[in-house]
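First comes the structure, then the notes that go with it.
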Amino acid sequence: MAITQKEALEIARADAQSAYADLSVYKVDAQLEKGNWVIAYALLQGRGGGPQYIISGTNGSIIQKVYYQ
């Protein structure tokens with residue numbers, strides 16, 4: 001069973017909320033690359049970034065995550 005974009009975004013959001021108090025200041029981009037979801041949070045205004053994830057497209061596990069604060 002494949003993980004949908006909506007499911008991958010929810011997995012990333014749940015993890016990101018534990019490290020970032022307010023996700024409303026970020027825009028989120030999700031792209032399917034080589035069967036996995038690449039999800040990146042970027043600040044709506046200003047410079048800097050938020051968390052970035054690679055989430056398995058088959059089982060939804062977080063393959064990689066990086067926090068930028």
Side-chain angles (χ1 to χ4, degrees):
M1 180 176 182
I3 299 298
T4 66
Q5 182 183 47
K6 182 177 178 180
E7 291 169 324
L9 286 167
E10 179 57 29
I11 293 165
R13 185 202 57 76
D15 183 80
Q17 279 191 314
S18 67
Y20 292 76
D22 184 10
L23 295 176
S24 68
V25 297
Y26 297 98
K27 65 180 176 178
V28 184
D29 180 56
Q31 300 292 322
L32 188 60
E33 294 182 12
K34 298 180 183 178
N36 295 315
W37 289 102
V38 177
I39 299 174
Y41 286 76
L43 285 173
L44 292 170
Q45 295 182 7
R47 302 190 103 184
Q52 296 183 7
Y53 295 90
I54 299 176
I55 296 176
S56 170
T58 56
N59 65 19
S61 65
I62 297 174
I63 296 169
Q64 180 179 359
K65 64 180 170 182
V66 178
Y67 295 145
Y68 295 101
Q69 294 183 335

Quiz prompt | Linked, directly or transitively: Ile39 and Ile54 (ILVMFWY side chains, under 4.5 Å) | solution = no

Exercise. Could you pull out the closest heavy-atom pair between Ile55 and Ala8, with the gap in Å?
Key: CD1-O, 3.3 Å

Self-check item: Asn36 side, atom CG; Thr58 side, atom OG1 - distance, nearest 0.5 Å
Solution: 7.0 Å

Quiz item: Would a line drawn from the ring center of Tyr41 to the ring center of Tyr20 be shorter than 6.0 Å?
Solution: no

Practice problem: Check Gln64 against Val66 and note the closest heavy-atom contact, atom names and distance. | Solution: NE2-CG2, 4.0 Å

Quiz item: Would you say Gln5's side chain and Ala30's backbone share a donor-acceptor pair under 3.5 angstrom?
Solution: yes

Practice problem: Please name the pair of heavy atoms, one in Ala2 and one in Glu7, separated by the smallest distance, quoted to 0.1 Å. | Solution: O-OE1, 3.9 Å

Quiz item: Do you know which two heavy atoms are closest between Leu32 and Gly35, and how far apart they sit?
Solution: CD1-C, 3.8 Å

Quiz item: Does some side-chain heavy atom of Leu43 sit less than 4.5 Å from a side-chain heavy atom of Tyr26?
Solution: yes

Exercise. Kindly say whether Ile3 contributes a backbone atom to a donor-acceptor pair with the side chain of Trp37 at under 3.5 angstrom?
Key: yes

Quiz prompt | Hydrophobic cluster membership, Ile63 vs Val38, 4.5 Å side-chain cutoff | solution = yes

Practice problem: Return yes if a side-chain donor-acceptor contact under 3.5 Å exists between Asp15 and Tyr67, otherwise no. | Solution: yes

